[in-house]
Undergrad: 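One structure coming up, written as structure tokens, with questions to follow.
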2 protein chains.
Amino acid sequence: MPNRQLAIPQQDCADCPIRHRAVCARCETDELTHLESIKYYRKFDAGQTVVWAGDKMDFVASVIEGVASLTQTMEDGRRQMVGLLLPSDFLGRPNRDTAPYDVVASTDVTLCCFRRAPFQKLIAENANISQRLLEMTLDELDAAREWMLLLGRKTAREKIASLLSIIARRDASLKDLPSKGEVSFDLPLTREAMADYLGLTLETVSRQMSALKRDDVIRLEGKRHITIPDFDLLMDETGDDADGGMLV
Amino acid sequence: MPNRQLAIPQQDCADCPIRHRAVCARCETDELTHLESIKYYRKFDAGQTVVWAGDKMDFVASVIEGVASLTQTMEDGRRQMVGLLLPSDFLGRPNRDTAPYDVVASTDVTLCCFRRAPFQKLIAENANISQRLLEMTLDELDAAREWMLLLGRKTAREKIASLLSIIARRDASLKDLPSKGEVSFDLPLTREAMADYLGLTLETVSRQMSALKRDDVIRLEGKRHITIPDFDLLMDETGDDADGGMLV
DNA sequence: TGACTGTATTGATCTCGATCAATTACAGCG
DNA sequence: CGCTGTAATTGATCGAGATCAATACAGTCA
């Protein structure tokens, strides 16, 4: 299994506050110049909708900080999250200017946006950028397939444990810490958003969180700050095999 | 929502028995020549495993005929299908020579294979091929996300109806028929494989099939041949909104 | 300070799909 | 033909998670 972290380039992208592995990644100097001229930043508050499904999207973007989600909704209101965008993740796609899903900021979010037209020109002209995008899309696809296993076959408890381990890992790698032993982090999702991620109801999420707390797999300080006393213990609850590379 | 069919090129690829939209698609004459020299065919019987998860895969391939599935298995045996490969779909990926999932032939399958090394060289040298692969991968990602909605939020009946509509559509488009009014086709999956696709047990699949038959949404001739008297009626059972582009 | 709002927890009950088990259908084959 | 083995159907029962409902809690605003 591929490991996303390995893909994060060491070279920072000009004035982006953190290094990120989106289009700017691995770019040659001249490409970077191109990018700088079409790049701008946008901020969103927690809960704000970035784009609605069906809306025109005149930009693509890279998540600089915060967490956003892609969500699908059925007419009767049933909702399923289908993408979770953490810092360094990419939003939008070339050759498609209509958003297929609602994009909602789960926390305050900063996006590094690229105007669509010049971005597409950039792709057309630079082979390594479309190769980079291909690589990232394949990682997304792997993540989606791991997610499908979770949705289709895991128990509620395993689902919660899996989600916590995914967030813990990504958070740790962002802070350059190992995800071993004691790990703690802030949950960027409400119970409802967790339920939408996991294909559960928020009551079940809450109950299973309480159960994991009761069994000392996790500790809660306030509603959102989580400490995992022993990461291996949490992993035992996910149903994944030990080495199995869970990708976000 | 994008429509896959539009992506199928009208130009056939040399001696491939049917036109297919894999790497050969839209290629210039000289690229095609390259391809011909690294291309070979392999056949598999229904039930045969093409590759095991973790195995080295020294080729990538395009499905020429038949149906294959990608499946993930947990240690305790729970299984979830995460990919269904129909004719024209692509298998394998550049820069990854280890199969992440079991690939199993659901029916007799013919693959058009490309040796990995020269194929990667081809990608590196031809920008339009990696753009083509990107496009295809994005379609896969959309399909995976539609699938996630199915797994997370649909009822057993809706799941079955959705699967039947997906297969009916792909089958119809392959035969250049419209998926309207009365449609009929052969189910390329066992009840067990359907269950693995849908995150259900095979008993539930069987019961829901019987229920759909009882309600005249489908008709069964033998175990595998299905007739849908009115495609719209089936669509009403899927839970999708009327226009919603369900992608395989 | 207290009313108000959105988020989270906990309880009681119900239901859909899982599980366990028996039977049937059918294709291949001696 | 009657076996044999696999795939599929059907029945009886169970249980995980959904649903409905009440309560707790932390901000925030008047």
Undergrad: With sequence neighbours excluded, what pairs up with A:Asp230 under the side chain to side chain contact (heavy atoms under 4.5 Å, CB included) test?
TA: A:Asp232, A:Leu233

Undergrad: Please report, rounded to the nearest Å, how far the C1' atom of C:dT7 is from the CE atom of A:Met194.
TA: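 So the two atoms are 13 Å apart, to the nearest Å.
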
Undergrad: Which residues pass the side chain to side chain contact (heavy atoms under 4.5 Å, CB included) test with B:Ala99, sequence neighbours left out?
TA: B:Val51, B:Met57

Undergrad: Across the strands shown, which category fits B:Gly47 at heavy-atom distances under 4.0 angstrom: base, sugar-phosphate, nothing?
TA: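 The answer is nothing, as B:Gly47 stays clear of every strand by at least 4.0 Å.
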
Undergrad: The criterion is side chain to side chain contact (heavy atoms under 4.5 Å, CB included); which residues satisfy it with B:Asp76, sequence neighbours excluded?
TA: B:Met74, B:Arg78

Undergrad: Calculate the interatomic distance between A:Ile160 atom CD1 and C:dA8 atom C1'; express it in whole Å.
TA: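 The answer, rounded to whole Å, is 13 Å.
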
Undergrad: Quickly work out the A:Leu151 CG to D:dG17 P distance and round it to whole Å.
TA: 13 Å

Undergrad: NE2 of A:His225 versus P of C:dT7: gap in Å, rounded?
TA: 21 Å

Undergrad: Find the distance A:Gln208:CD to D:dG15:C1' and express it as a whole number of Å.
TA: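 These atoms are roughly 13 Å apart.
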
Undergrad: Please report the distance, rounded to the nearest Å, between CD in B:Glu158 and C1' in C:dC16.
TA: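 In whole Å, C:dC16 C1' and B:Glu158 CD are 13 Å from each other.
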
Undergrad: Whole angstroms only, please: what is the CG-C1' distance between A:Leu200 and C:dC16?
TA: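 Nearest whole value for this atom pair: 15 Å.
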
Undergrad: Strictly by modelled atom types, are B:Ser162 and B:Lys154 linked by a side-chain donor-acceptor pair under 3.5 Å?
TA: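 Indeed, the side chains of B:Ser162 and B:Lys154 share at least one donor-acceptor pair under 3.5 Å.
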
Undergrad: Considering residues at least two apart in sequence or located in another chain, which fulfil the side chain to side chain contact (heavy atoms under 4.5 Å, CB included) criterion with A:Ser184?
TA: A:His225, A:Thr227

Undergrad: Under 3.5 Å, sequence neighbours excluded: what are the donor-acceptor pairs made by side chains of residues 206-219 of chain B?
TA:
{"unit_1": "B:Ser210", "atom_1": "OG", "unit_2": "B:Ser206", "atom_2": "O", "d": "3.1"}
{"unit_1": "B:Asp215", "atom_1": "OD2", "unit_2": "B:Arg157", "atom_2": "NH2", "d": "2.2"}

Undergrad: Using atom names, set out every protein N or O paired with an N or O of nucleotides 8-11 of chain D below 3.5 Å, distance rounded to 0.1 Å.
TA:
{"unit_1": "D:dA8", "atom_1": "OP1", "unit_2": "B:Arg224", "atom_2": "NE", "d": "3.2"}
{"unit_1": "D:dA8", "atom_1": "OP2", "unit_2": "B:Arg191", "atom_2": "N", "d": "3.0"}
{"unit_1": "D:dT9", "atom_1": "OP1", "unit_2": "B:Arg191", "atom_2": "NH2", "d": "3.1"}
{"unit_1": "D:dT9", "atom_1": "OP2", "unit_2": "B:Arg191", "atom_2": "NE", "d": "2.7"}
{"unit_1": "D:dT9", "atom_1": "OP2", "unit_2": "B:Ser206", "atom_2": "OG", "d": "2.7"}
{"unit_1": "D:dT9", "atom_1": "O5'", "unit_2": "B:Ser206", "atom_2": "OG", "d": "3.1"}
{"unit_1": "D:dT10", "atom_1": "OP2", "unit_2": "B:Ser210", "atom_2": "OG", "d": "2.7"}
{"unit_1": "D:dG11", "atom_1": "N7", "unit_2": "B:Arg207", "atom_2": "NH1", "d": "2.9"}
{"unit_1": "D:dG11", "atom_1": "O6", "unit_2": "B:Arg207", "atom_2": "NH2", "d": "3.2"}

Undergrad: In this structure, how many angstroms lie between the C1' atom of C:dT19 and the CZ atom of B:Arg78, rounded?
TA: 14 Å

